[in-house]
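Quick one: the structure is below, and I'll ask about it shortly.
A quick note: this is a predicted structure, and the numbers were derived from the prediction, not measured.
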Amino acid sequence: MGLWAKHVVPGLIDQAGRSPAVRGERQRWVPRAHGHVLELGVGSGLNLAFYDPARVARVTGIDPSAPLLARAASRVARAAVPVELIEGSAERLPFDPGSFDSALVTYSLCSIDEPVRALTEVRRVLRPGGQLVFVEHGLAPDAGTRWLQRRLTPIWRRFTGGCRLDRDLPAVLRDAGFAVDDLTTGYNGVVRWLSYTYEGTARPV
């Protein structure tokens, strides 16, 4: 799985993240970030084109994947805002408390081993009044799709960089100490077990 993870998974992630549905989500939600932004799971930099330079001073993106960060380099060069990329773990953010005005995470919490710990770290590094913007896929509301998600996840995650289909995002946010201010949910594709999406904003409580 080492060669697969290094040479194949980054390309699969980059390709999946460029679908029209996902691009539309980025266009709607990324511009809500403001100030000094922490992007959790910046990956290949697909969000960088959508930051609003009138609202964002700079972006610090962190990701554990060196191959994905290498893919992000050209997008950093084209970004309308200053961007710094850091290779590191979401569960152990190398930043002081209160370092960021807002945080953004899109399609990354599904593959983080300890999402509550990661979001607890995000809460630590946000300034008072800071905001988290999120777009994530996860656990569906209907029983049949949930059953399928739970059956497929052990196999799916082996070939997709750890992606879990059945993550309960509202529960993760709550357990990490966030209150959801704005939430939109629904299926954004024909493959129901893959496409149930949570989009919104949350704040530390």
Side-chain angles (χ1 to χ4, degrees), residues 1 5 9-10 12-17 19 21-22 24-26 28-30 32 38-44 46-47 61-65 68 88-93 103-126 131-205:
M1 294 299 293
V9 170
L12 292 176
I13 292 173
D14 185 71
Q15 185 64 36
S19 75
V22 174
E25 291 163 353
R26 299 186 198 279
R28 288 193 299 273
W29 291 97
V30 175
R32 299 198 182 198
L38 170 65
E39 183 170 338
L40 202 68
V42 65
S44 60
L46 291 171
N47 286 327
I62 189 165
D63 201 282
S65 171
L68 278 171
S89 167
E91 293 96 334
R92 292 175 295 278
L93 294 176
L104 173 77
V105 60
T106 65
Y107 292 103
S108 295
L109 287 173
C110 61
S111 59
I112 292 175
D113 287 335
E114 299 177 86
V116 172
R117 182 175 176 182
L119 288 182
T120 300
E121 279 285 272
V122 171
R123 183 161 56 87
R124 178 183 66 83
V125 302
L126 280 175
Q131 183 183 61
L132 171 68
V133 182
F134 60 87
V135 179
E136 294 286 336
H137 73 104
L139 191 64
D142 56 284
T145 304
R146 284 181 181 232
W147 178 87
L148 191 55
Q149 287 176 320
R150 287 173 171 143
R151 290 293 298 268
L152 291 174
T153 288
I155 300 170
W156 178 261
R157 61 179 297 199
R158 291 184 61 196
F159 297 97
T160 56
C163 173
R164 293 158 179 81
L165 301 166
D166 57 352
R167 186 143 278 169
D168 185 344
L169 186 65
V172 169
L173 289 164
R174 181 184 63 247
D175 292 347
F178 281 88
V180 176
D181 292 321
D182 186 8
L183 179 63
T184 301
T185 61
Y187 293 100
N188 73 351
V190 295
V191 184
R192 293 172 70 85
W193 52 265
L194 181 59
S195 66
Y196 192 75
T197 306
Y198 300 86
E199 310 171 11
T201 60
R203 55 184 168 79
V205 293

Taking all non-hydrogen atoms of both residues into account, name the closest pair between Tyr198 and Pro170 and its distance.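 Looking at all heavy atoms of both residues, the closest pair is CE2-CD, 3.4 Å.
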From the options Leu183, Val116, Leu119, select the one residue that forms a side chain to side chain contact (heavy atoms under 4.5 Å, CB included) with Leu173.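 Only one option passes, and that is Leu119.
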Mind running side-chain contact (heavy atoms from CB on, under 4.5 Å) on Asn47 and Val42 for me, showing each step along the way? CA-CA 8 Å; Asn47 286 327; Val42 65; over 6 Å; no
For Arg164 and Ile112, work out which heavy atoms get closest and say how close.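 So the two residues come closest at NH1-O, 4.0 Å.
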Return yes if some donor-acceptor pair links the side-chain N/O of Glu121 with the main-chain N/O of Ala90 below 3.5 Å, else return no.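 Checking the backbone N and O of Ala90 against the side chain of Glu121, no donor-acceptor pair under 3.5 Å is found.
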May I have all residue pairs that pass salt bridge (Lys or Arg N to Asp or Glu O under 4.0 Å) and include part of residues 165-181, sequence neighbours excluded?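 Listed once each, the pairs are Asp181-Arg203.
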If you measure from CD on Glu114 to OG on Ser89, what distance do you get to the nearest 0.5 Å?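 The OG atom of Ser89 is 8.0 Å from CD of Glu114, to the nearest 0.5 Å.
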Do Leu169 and Tyr196 have side-chain heavy atoms sitting under 4.5 Å apart?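 Of all side-chain heavy-atom pairs linking Tyr196 with Leu169, none is under 4.5 Å.
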Main chain of Leu93, side chain of Arg124: is a donor-acceptor contact present, judged purely on distance under 3.5 Å?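 Looks like yes, one N/O pair under 3.5 Å.
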Which heavy atom of Ala179 sits nearest to which heavy atom of Val205, and what is that distance?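 The answer is CB-CG1, 3.3 Å.
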Do you see a donor-acceptor pair shorter than 3.5 Å between the side chains of Thr197 and Glu199?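 No, no side-chain donor-acceptor pair sits under 3.5 Å.
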Could you tell me which non-hydrogen atom of His137 sits nearest to which non-hydrogen atom of Leu194, and how far apart they are?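 What the structure gives for the nearest pair is ND1-O, 3.6 Å.
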To the nearest 0.5 Å, tell me how far Leu139 CG sits from Thr153 OG1.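 So the CG of Leu139 and the OG1 of Thr153 are separated by 9.0 Å.
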Using only atom types and a distance under 3.5 Å, with no angle test, would you say the side chain of Glu39 pairs donor to acceptor with the backbone of Leu104?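 No; zero donor-acceptor contacts below 3.5 Å.
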Ser195 to Gly189 - nearest heavy-atom pair and separation: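 For Ser195 and Gly189, the tightest heavy-atom pair comes out as OG-O, 3.2 Å.
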Answer yes or no: is there a donor N or O on one side and an acceptor on the other, between the side chain of Arg123 and the main chain of Pro204, under 3.5 Å?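 Flag not set: sc Arg123 to bb Pro204 has no pair under 3.5 Å.
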Counting only heavy atoms not in Arg151, do more than 12 sit closer than 6.0 Å to its CZ atom?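 Open.
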Checking Val172 against Phe178 for the side-chain contact (heavy atoms from CB on, under 4.5 Å) test, could you report, in this order, the C-alpha distance in whole Å, the side-chain angles of both residues, the deciding distance, and whether it holds? CA-CA 9 Å; Val172 169; Phe178 281 88; over 6 Å; no
Would you check, one step at a time, whether the test side-chain contact (heavy atoms from CB on, under 4.5 Å) holds for Leu40 with Ile62? CA-CA 6 Å; Leu40 202 68; Ile62 189 165; 4.0 Å; yes
Short question: side chain of Ser108, backbone of Thr106 - any donor-acceptor pair under 3.5 Å?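 Side chain of Ser108 to backbone of Thr106: a pair is present.
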Criterion side-chain contact (heavy atoms from CB on, under 4.5 Å) on Arg26 and Val135, from CA distance to verdict: CA-CA 8 Å; Arg26 299 186 198 279; Val135 179; over 6 Å; no
Shortest non-hydrogen contact from Pro141 toward Tyr187: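 So the two residues come closest at CD-OH, 3.8 Å.
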Any side-chain donor near an acceptor of the partner, Tyr107 and Glu25, under 3.5 Å: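 On atom types as modelled, these side chains qualify, holding a pair under 3.5 Å.
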If you measure from OG1 on Thr145 to CG on Leu165, what distance do you get to the nearest 0.5 Å?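 It is 11.0 Å, given to the nearest 0.5 Å.
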